Chemist: 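I'd like to ask you about the structure that follows.
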Amino acid sequence: MAEIRTTRPDAAGAPPSLFAVQARLAEIYRERCAAAVQGCVDASLAANRAWAEALKPATPAQSLSDTVTYWADFAQRSLLFWDTMRRRGNDWLAHEAAGKPPLLAFKWEIVADARGYERPANYALARILPPDGVAIDPDKRAYVIIDPRAGHGPGIGGFKLDSEVGMALSAGHPVYVVIFYPEPVPGQTLADVAQAEAAFLRLVGERHPTRGRPVIVGNCQGGWAAMLVGALDPEHAGPLVINGAPMSYWAGNDAENPMRYAGGLLGGSWPALLASDLGGGVFDGAYLVENFEYLNPANTHFGKAYGLFSKIDTEPARFLEFERWWGGYYLMNREEIAWIVDNLFVGNRLAAGRAEWEEGKAFDLRAIRSPIILFASLGDNITPPQQAFNWVADLYPTTADLKANGQVIVGLMHESVGHLGIFVSGSVARREHAQIVDLLDYIEHLPPGLYGMKVEETEDETGPAYDVVLRELEVEDLQRLQKYARKDEVPFEAVRRVSELNAAAYETFVHPVVSAWVPREAGAALRALHPLRVRRWALSDLNPALSALAPWADLARAHRVRRDEAGPWAAAERRSAAGITAAWDFYRQMRDASAENLFYATYASLSTVLPRAEEPAAATEGTPALREAMARIDEGGFTDAAVRACLLMARLGPKERRLSTFKRIRELVGRDVGLLAMSASDAARVVRRQAAIVEHAPDAAMASLPDLVRKAEERRRLLDVVDRLGNRLGLGPEQRALLPRFRDLLGLAPAGISAESGVPRQKAG
C-alpha cells in the first residue's frame, strides 16, 4: 500500500494520477479478500483435521457411553452457563445500586474530592491502605495512578493483588489512585479535570515530602491525562509511566489497526456530538465500550461466551470479576467528549502543541521535565505501539532535539499481550511493572536521550530473577515501527478538515433542534435501553424466566457428569466452535478490508489537493538550557565533576546500560558522588547540564574538569571514585584509556592553587 500513501503533490505541485491510486486500491482490496478467504479455509481445515484425529474405533457400548455422558454434561453446562449470566446481571444491578464504586482489590480512603473545588469535577483522590504485612517506607516517593475514563470505571490499575498498585506497595511506596464518579459535574470540562488532577498531585507531594516528586502512572486514556498533568504542572510531577496510551491516534499499520479509520468513515466528530445531544447533553461511555467490542466480533459474540461454557467448572469466578468492571458504564459531558475527539481521535493535536485547555493556552508536552516511560505491546490492537510512540518523533524530530530539551524517554515493548493485559495481567505486573518500579529509583540519573527497555529473565534457586537492559536509541529508530514511513497518515489531515466542516454544520443546523427536544431525563431513559445494559438487566433476577434457575444450577453442581474430553462428541463441539470462530474472523477481515479500502479511496484522493502540513521545527543547538550549560562549562563543584567524569566514561562504552550495573554503581560510589543527598529534581538538573556539555563538547568538558575541583582533597576524592569504578566495573579499552588522562589532569594542584585550601596564592611583589 506504499504506492497509495505517497499521494502528496510533488515538489512542482503536480498530484499523482488518481486513476493509479484507485487501481492500486482495487488490487490491494482483492489481495485482502483473498487472504480472508484463505484464512477461513485454513482454519476450517485445521479444525477438521483435529476432529478426524480425535475419532477412533469404538464399540457400540463406548459410543453410547460417550453420547450419554456428553449430552448430560452439555445439559448441566447449559444450566450453569445461564446461571452465571444471571449472576452477572445481579452483580451489575448491585454495582449500579451501590453507586459504581471503584473495583480495587485493596482497601482505600478518600483524601480529596474535586466536586467541592472552585472548578468542580467528578474526580477524587483515594489513598490505598497497605495490606497486612506490607510496610510503607516514609523515605520513598509516592505513586499516583490514573485509570482510564474511557467508558469504564476506575480500578483497572489495582484490579488484582499482582497489579501496578500491588507492585508499588510491595516495594514500600505509598500509593494513591485517582478515581472518578459515574456522572460528571454539570458544565465540567477537560480543563477542570486536568486542574483537579494537578491539585491532587500537589497534595500528594505535600503529604510525602521525600527527595523525589510523586510518580504518575497513567493507563490508556489515563496515560494522556497524566501527560496533560505533567505539562500543566511540571514542577510537581515526578517520572511519568504511560501504559498503552493513544498519544498519536492517526498512527498504525494497515490490516492491523482498523479503529483509526472510524473517525474518517463516520465523517469526523459529529456522531459524538449527536450521541451527547440524544443523551440530554451527556455522552454515554457504553458507546466507547461498544467500539472496543466491535474490534473482535468473534470474541464479542461467541468466543467469550464459549470460553465460559467450555470451562464452566473453573471459569465463572474470573468471568464475573472481570464483567463487573467491563459492565460499569460511566458518563462524560458533551464538552469533554468533544474535546477528546477533536484534539485526539480526529485532530491529533496534542503532540503538535495545538490542544488548548483554555482559549489561547495549549498543553505543551515539551514543558515536561520528568523522565517518561512508555509501555506498549505488539499484541495491542486498541492502542498499537505506533500510537503509543509516534508522538515522540512529532515532538522531537531528531535525537539531538530530544537531548537538547533535556528529556529522558524510555520505551518498553511487550511481544504479545493484549490491551487489557497491559493493566490486569498478573504476569505482566510481576515482570514488567515490578521492573519499572525498580528502575524509577535510578531513571532520573540517566543522561537525556531515548532508550529502549528490555526485561531479561533468568532462573535461580529462588525462582525467576529479572534484570533491565536499557539500550540508547535514536528518534529515527521509531520509523522501524512503520511500514510506510508514516506516509499512510497523510489522508488523516483530510479527515480533520472534513470533521471541522461537518461539526460546524451539525452545530448550526442540528444541535439546536435535538438539544431542545431531548431533555436530560429522556437521555437517562435512552441509556437504560442501550444494548449493552439490556444484556445485563434482562439476564438477571428481574427476568421471571430466570428466577427458578438458581436451585437447578445448584443441583447440577452437586451431581456433575463429566464428558470425555478425548471423545468424539467433545471433538465435534470443538470443531463446531472453531468453525464459528473462523466465520466471524472471515467477516471481520472482510469488513476491515472494505472499511480501509473505502477510507483511502475517499481521503487519499482528498489529500492530493490539500496543502502540505508544516513540519515541526527542530531546536537542537540554540536551546536556552544548552546555552546556559555551555556558558557554565567551568563552573560547579565536586558532584558536577563526578557526574561529568562518569558521563565521559559512559559515552565511550557500550550503548546498553543494565539496572544491575546502576545498582552496583550506587553501592560503590552513590553516597560519595552527592546526587543522593540532593532532591531528585536537583540531581536531574545536574545530570542534564553535564550531559549536555559532554554531548556537545566532550574535549572541552574533559579539559575544564579541573576547574570544577580546585582543592587537592576534592581531586583525590574524584580520582578515588573513578578508580573504584574502573577496578570494579567491566570497562572497555577506550574507557580504560581515560583513566590515565583523569590522573594527569587531577593528579597535582595547578600552579597558583593551594593544595590545602584551594585559595589562590598571593603573587610575590
Side-chain angles (χ1 to χ4, degrees), residues 211-213 227 230-240 353 362-372 392 395-410 442-451 472 474-475 616-652 673-711 714 718 742 745-746 750 758:
R211 65 176 297 272
R213 294 171 294 185
M227 293 289 285
L232 192 64
D233 193 359
E235 294 303 316
H236 293 90
L240 300 166
F363 291 103
D364 181 9
L365 298 186
R366 281 177 172 266
I368 297 174
R369 310 312 302 159
S370 303
I372 302 170
V392 177
L395 198 63
Y396 302 106
T398 66
T399 305
D401 193 39
L402 174 69
K403 291 184 176 182
N405 201 53
Q407 186 56 268
V408 173
I409 297 179
V410 178
Y442 303 85
I443 195 172
E444 285 170 316
H445 295 168
L446 282 173
L450 177 65
Y451 300 87
E472 192 166 356
E474 303 291 322
V475 171
T620 54
E621 294 296 331
T623 61
L626 179 57
R627 290 195 298 269
E628 180 189 2
M630 296 306 298
R632 299 175 58 188
I633 190 171
D634 57 355
E635 298 178 15
F638 177 81
T639 299
D640 298 88
V643 170
R644 185 183 298 184
C646 292
L647 291 173
L648 285 167
M649 287 194 294
R651 69 181 291 271
L652 298 178
V673 169
L675 289 177
L676 298 181
M678 300 179 175
S679 69
S681 56
D682 288 341
R685 275 192 287 270
V686 170
V687 174
R688 282 198 298 264
R689 183 170 62 247
Q690 297 305 322
I693 293 171
V694 170
E695 175 77 19
H696 288 83
D699 293 335
M702 174 65 84
S704 60
L705 188 60
D707 295 327
L708 305 184
V709 280
R710 303 180 67 84
K711 295 182 181 180
E714 288 182 334
L718 180 56
F742 286 134
L745 281 169
L746 304 172

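No experiment lies behind these values; they were computed from the predicted model shown.
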Chemist: Kindly compute the distance separating CG (L647) from CG (L446), expressed to the nearest 0.5 Å.
Modeler: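 It comes to 10.0 Å.
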
Chemist: Could you pull out the closest heavy-atom pair between P706 and L745, with the gap in Å?
Modeler: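 What the structure gives for the nearest pair is CG-O, 3.8 Å.
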
Chemist: Distance-only, no hydrogens or angles: does the R644 side chain make a donor-acceptor pair with backbone N or O of I633 under 3.5 Å?
Modeler: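 Yes: the side chain of R644 pairs with the backbone of I633.
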
Chemist: Which atom pair, heavy atoms only, marks the closest approach of P234 to A231?
Modeler: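 What the structure gives for the nearest pair is CD-O, 3.5 Å.
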
Chemist: To the nearest 0.5 Å, what is the distance between CD1 (I372) and CD1 (I409)?
Modeler: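 With rounding to 0.5 Å, CD1 (I372) is 5.0 Å from CD1 (I409).
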
Chemist: Nearest 0.5 Å please: distance from the CD atom of Q690 over to the CG atom of L705.
Modeler: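 Here the rounded value is 9.0 Å.
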
Chemist: Within the 4.5 Å heavy-atom criterion, are R689 and V643 side-chain neighbours or not?
Modeler: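 No; the side chains remain at least 4.5 Å from each other.
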
Chemist: Check whether R213 reaches the backbone of E235 with its side chain - one donor and one acceptor, N or O, closer than 3.5 Å.
Modeler: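 Yes, the answer is positive, given that a donor and an acceptor are paired below the 3.5 Å cut-off.
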
Chemist: Would you say that H445 contacts L676 through its side chain, given a criterion of any heavy-atom pair below 4.5 Å between the two side chains?
Modeler: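 Of all side-chain heavy-atom pairs linking L676 with H445, at least one is under 4.5 Å.
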
Chemist: Yes or no on side-chain contact (heavy atoms from CB on, under 4.5 Å) for T639 and L675, after CA distance, side-chain angles and deciding distance?
Modeler: CA-CA 7 Å; T639 299; L675 289 177; 3.8 Å; yes

Chemist: With a 3.5 Å distance limit and no angle check, can you tell me whether Q407 reaches the backbone of I368 through a side-chain donor-acceptor pair?
Modeler: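 Pair found, side chain donor or acceptor close to backbone of I368.
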
Chemist: Roughly how far, to the nearest 0.5 Å, is CD of E635 from CG of L708?
Modeler: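 The distance works out to 9.0 Å.
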
Chemist: If you compare all heavy atoms of L718 against all heavy atoms of A641, which two are closest, and at what distance to 0.1 Å?
Modeler: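 Residues L718 and A641, closest heavy atoms: CD2-CB, 3.9 Å.
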
Chemist: Return the minimal non-hydrogen interatomic distance between V709 and F638, and the atom names on each side.
Modeler: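 Distance-wise, the nearest heavy atoms are CG1-CA, 3.9 Å.
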
Chemist: Indicate whether the side chain of D682 and that of S679 have a donor and an acceptor atom separated by less than 3.5 Å.
Modeler: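 Indeed, the side chains of D682 and S679 share at least one donor-acceptor pair under 3.5 Å.
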
Chemist: Please check: side-chain N/O of R366 versus main-chain N/O of Y396, any donor-acceptor pairing under 3.5 Å?
Modeler: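 Absent.
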
Chemist: Using a 3.5 Å distance criterion without hydrogens, assess whether the side chain of T398 forms a donor-acceptor pair with backbone atoms of D401.
Modeler: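 A pair under 3.5 Å: yes.
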
Chemist: What pair of heavy atoms forms the shortest contact from P698 to L648, and how long is it?
Modeler: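 Nearest pair, atom of P698 first, then L648: O-CD2, 3.8 Å.
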
Chemist: Side chains of R369 and R688: closer than 4.5 Å at any heavy-atom pair?
Modeler: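 Yes, their side chains come closer than 4.5 Å.
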
Chemist: Please report the shortest heavy-atom distance between E472 and K403, naming the atom on each side.
Modeler: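 Looking at all heavy atoms of both residues, the shortest contact is OE2-NZ, 2.9 Å.
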
Chemist: Without swapping roles, check the side chain of S370 against the backbone of A237 for a donor-acceptor pair under 3.5 Å.
Modeler: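 It does hold such a pair.
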
Chemist: Run the numbers on T399 and L450 for side-chain contact (heavy atoms from CB on, under 4.5 Å), then give the verdict.
Modeler: CA-CA 7 Å; T399 305; L450 177 65; 5.7 Å; no

Chemist: Flag the pair E714 and R710 as a salt bridge only when some basic side-chain nitrogen lies within less than 4.0 angstrom of an acidic carboxylate oxygen.
Modeler: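 The answer is no: the pair does not qualify as a salt bridge.
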
